[in-house]
Student: 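Before anything else, here's the structure in question.
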Amino acid sequence: MCDDDHGNGLNRRALIVTGATAALTLGSVTFASGAATPASGAQETRTVRGTLPTGSPDYVYVPVEIPTGVNEIRVAYTYDKPPVPAGTQGNALDIGIFDQRGTDLGGRGFRGWSGGARTEFFLRVDDATPGYLPGPVHAGTWHVALGPYTVSPQGLSYELTITLTYGEPGVAPRPVYPPERARGRGRAWYRGDCHLHSWYSDGRRTPAEIAALARAAGLDFINSSDHNTPSSHPHWAPEAGDDLLIMLGEEITTRNGHVVALGTEPGTFVDWRYRARDNRFGRFAREIRRAGGLVVPAHPHATCIGCAWKFGFGEADAVEVWNGPYTPDDEIALASWDATLVASVRENRENPGWLPAMGNSDAHRDPDAIGLPQTVVLAEDLTREAIQDGIRAGHSYISESKNLSLTFTASGGRAQHAGIGDRLRVDADTPVTVRLEVAGAPRCTVRFVTDQGVLFTSGPLPVSGAGTVEWHTTAVYTAYVRAELRHETAAGAVPGALAAFTNPIFLGEAER
């Protein structure tokens, strides 16, 4: 039910559209439509109110009829937050806007989204609130998009104020994007953090602050991943340099899980308005890849509402197993990922298909630490394509900081060697030596994990943090092996928090 303070806006009957983009479209908000355009600088405001019941669709659209001559739209909103019983979700309402090109799934008319991070926004041809895209304000039917994230038992009452300013449109700035190459070290291990949030979504740091913290964390590359908007993309160019590759992306934040688009073409927008039951994720995963990006489900076992991954991993290129400071959620994600390694070997022992693991900080604001953790990638050079190739191949390990580095290999047979993400082919009973060399992991314990589980645990490394650990096995006994470094714990056999872990090395019988 909605009301319009001016009596000319919202119909009392709503149109319910069901299906992949289940939504509620309300009656239109209209402004002056006389023959004469108001004078430059003149403003008109409309305020509308309504209440959304529990069980509302994911998105509610308020059509706004924009007349000619408008050069700025400004929207502000508030909503009530009544007390709720223990264990019951209170009100939370997100917001965004689509222009005259419409709200169809795919986002052709997308002009911005701030979720619940802001209570007001504006946009015009030369500027916009972070999270929103500058551009012309053409006449036509625009839509303010409301996202009732959670609704209390009492319902969610909101007030929406829309202000139009008339005048000449101004000049659109020409966007400049960061380069796809930095000065690398040739084939080398490069450190990165691919899940970061700036003030262009719900973060509190500017791109400049993020870049400075990335450099301090010893990172060679980062990936922008603001929620449901590419609006930050033109603002990263000044922060890139020979020492820091900045890739562009988005965190697509659906109601059934989040996915990082890693290294897409500048300005790429990927829609988020669907659930797993709508069978639409595959379409948008393909869009990410067509735009040159990787599809990386984020924090798959997170406990926040809508955060746990429900789409399956058939369309993924990698998966974020470690997200921010190590927690029980990450321990579950690690165990779940390890189970997929077992399944991949069972399904195709000769050439197992598997999903590489990543670790990222998901940093939003102080005191979130950028580069905790970080993915260390073996790449041919410090370019977008080379980093993506290394991630896709699983030539990587995850470390809690720049202070920890490692080398992990398996060798056997006729001087054959394999590294992280590779496959060692030897005769079934040929002795294989697994070797881990570590620096920067004081008092950490090394564990070698296989398809049978943990088959070797070392004593604590020395206080210096450096050490070498070896273990011997065979291909018939071990289908794969990966390494974990864990901090000391006072809880006996309970493992401590991770300091680092590697993607697996697969052991296979030699072809005859």
Side-chain angles (χ1 to χ4, degrees), residues 107 113 115 178 191-198 200-203 207 210 214 219 221-233 236 245-272 274 276 281-302 304 306-324 329-330 333 337 355-364 368 370-377 384-385 387-392 394 396 398:
W113 182 259
R191 295 176 178 267
D193 188 346
C194 294
H195 187 168
L196 296 163
H197 295 281
S198 74
Y200 286 89
S201 61
D202 62 342
I210 291 171
L219 301 182
F221 64 92
I222 59 175
N223 178 71
S224 74
S225 55
D226 284 310
H227 294 282
N228 298 342
T229 177
S231 66
S232 71
H233 289 187
W236 285 104
L245 173 69
I246 299 179
M247 297 186 289
L248 303 176
E250 177 187 336
E251 183 177 9
I252 298 96
T253 307
T254 81
R255 297 296 180 90
N256 281 164
H258 303 180
V259 60
V260 172
L262 197 165
T264 52
E265 294 291 337
T268 298
F269 166 74
V270 184
D271 213 322
W272 73 95
Y274 43 86
F281 175 68
R283 166 187 167 183
F284 293 101
R286 291 188 291 274
E287 281 193 10
I288 293 170
R289 282 192 284 271
R290 279 196 296 269
L294 300 184
V295 178
V296 185
H299 45 65
H301 291 275
C304 48
C307 294
W309 187 248
K310 305 293 187 182
F311 294 95
F313 297 96
E315 295 283 354
D317 296 304
V319 59
E320 186 182 79
V321 170
W322 184 350
N323 176 278
D329 297 348
D330 301 300
W337 170 72
L355 198 60
M358 293 189 68
N360 300 301
S361 72
D362 198 2
H364 285 69
D368 297 351
I370 289 173
L372 171 61
Q374 50 195 244
T375 301
V376 190
V377 182
R384 180 182 77 159
E385 185 176 353
I387 292 296
Q388 290 174 320
D389 287 346
I391 292 170
R392 192 185 292 109
S396 58
I398 295 85

Student: Could you go through His233 and Glu250, starting from their C-alpha distance and side-chain angles, then the distance that decides it, and tell me whether this counts as side-chain contact (heavy atoms from CB on, under 4.5 Å)?
Tutor: CA-CA 10 Å; His233 289 187; Glu250 177 187 336; 5.5 Å; no
Student: Kindly indicate, with the supporting measurements, whether the criterion side-chain contact (heavy atoms from CB on, under 4.5 Å) is fulfilled by Ile391 and Leu294.
Tutor: CA-CA 9 Å; Ile391 292 170; Leu294 300 184; 3.9 Å; yes
Student: So, the side chain of Ser396 versus the backbone of Val376: is there a donor-acceptor pair under 3.5 Å, distance only?
Tutor: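 No: the side chain of Ser396 does not pair with the backbone of Val376.
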Student: As an exercise, state the distance from CZ of Arg191 to CD1 of Ile387, rounded to the nearest 0.5 Å.
Tutor: 12.5 Å
Student: Rounded to the nearest 0.5 Å, what's the gap from CD on Gln374 to SG on Cys194? Could you check?
Tutor: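 So the gap between those two atoms works out to 11.0 Å.
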Student: CD1 of Ile370 to CD1 of Ile210: how many Å apart, nearest 0.5 Å?
Tutor: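 Output value for this atom pair is 5.5 Å.
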Student: Between Ala276 and Asn256, what is the shortest heavy-atom contact and its length?
Tutor: N-OD1, 2.7 Å
Student: Do the rings of His227 and His258 sit parallel, tilted or perpendicular, given the 30° and 60° boundaries?
Tutor: perpendicular
Student: Do Asp202 and His364 have side-chain N/O donor and acceptor atoms under 3.5 Å apart?
Tutor: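 His364 and Asp202 do have a side-chain donor-acceptor pair below 3.5 Å.
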Student: Taking all heavy atoms of Ala302 and all of Ala308, pick out the closest pair and write down the distance.
Tutor: O-CB, 3.5 Å
Student: Between Trp337 and Pro356, what is the shortest heavy-atom contact and its length?
Tutor: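 Answer, listing the atom of Trp337 first, then Pro356: NE1-C, 4.1 Å.
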Student: Checking His299 against Cys307 for the side-chain contact (heavy atoms from CB on, under 4.5 Å) test, could you report, in this order, the C-alpha distance in whole Å, the side-chain angles of both residues, the deciding distance, and whether it holds?
Tutor: CA-CA 7 Å; His299 45 65; Cys307 294; 4.1 Å; yes
Student: Just to verify, which of Arg384, Arg289, Arg290 counts as forming a salt bridge (charged side-chain N to carboxylate O under 4.0 Å, His left out) with Glu265?
Tutor: Arg384
Student: Let me know which of Phe311, Trp113, Phe281 forms a ring pair (Phe, Tyr, Trp, His ring centres under 6.0 Å) with Trp272.
Tutor: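 The option that passes is Trp113.
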Student: Give the minimum heavy-atom separation between Pro373 and Ile398, together with the two atoms involved.
Tutor: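 Closest approach of Pro373 to Ile398, heavy atoms only: CB-CG2, 3.8 Å.
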Student: Is it true that Arg392 and Glu385 have a side-chain N and a carboxylate O under 4.0 angstrom from each other?
Tutor: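 Result for this pair is no, no salt bridge flagged.
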Student: Between atom OG1 of Thr264 and atom CD1 of Ile288, what is the distance when rounded to the nearest 0.5 Å?
Tutor: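 Between atom OG1 of Thr264 and atom CD1 of Ile288 there are 8.0 Å.
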Student: Can you tell me how far CD of Gln388 sits from CZ of Phe221, rounded to the nearest 0.5 angstrom?
Tutor: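 Output value for this atom pair is 10.0 Å.
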Student: If you look at every heavy atom in Ser201 and Asp226, which pair is closest and at what distance?
Tutor: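 Shortest heavy-atom separation between Ser201 and Asp226 comes out as OG-OD1, 2.8 Å.
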Student: Check whether any side-chain N or O of Asp193 sits under 3.5 Å from a backbone N or O of Ser361 as a donor-acceptor pair, and report yes or no.
Tutor: yes
Student: Hey, are Arg283 and Asp271 close enough for a salt bridge, meaning a charged N less than 4.0 Å from a carboxylate O?
Tutor: no
Student: Check Pro178 against Leu248 and note the closest heavy-atom contact, atom names and distance.
Tutor: CG-CD2, 3.9 Å
Student: Is a donor on one side and an acceptor on the other found under 3.5 Å between the side chain of Glu315 and the backbone of Val295?
Tutor: no
Student: Between Asp362 and His195 (side chain of the first, backbone of the second, donor and acceptor by atom type, cut-off under 3.5 Å), is there such a pair?
Tutor: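 Judged by distance alone, no pair lies under 3.5 Å.
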Student: Is a side-chain donor or acceptor of Thr375 paired with a backbone partner of Gly359 at a separation under 3.5 angstrom?
Tutor: yes
Student: How far does CH2 of Trp236 sit from CD1 of Ile246, to the nearest 0.5 angstrom?
Tutor: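 So the gap between those two atoms works out to 6.0 Å.
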Student: List the steps, then state whether side-chain contact (heavy atoms from CB on, under 4.5 Å) holds for Ile252 with Phe284.
Tutor: CA-CA 10 Å; Ile252 298 96; Phe284 293 101; over 6 Å; no
Student: Is the closest side-chain heavy-atom distance between Pro300 and Phe313 below 4.5 Å?
Tutor: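 They are in contact (side-chain heavy atoms under 4.5 Å apart), so the answer is yes.
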Student: Under 3.5 Å, is there a donor-acceptor pair between the side chain of Asn223 and the main chain of Leu262?
Tutor: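 No.
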Student: Do side-chain atoms of Glu287 reach the backbone of Thr268 as a donor and acceptor pair under 3.5 angstrom?
Tutor: no
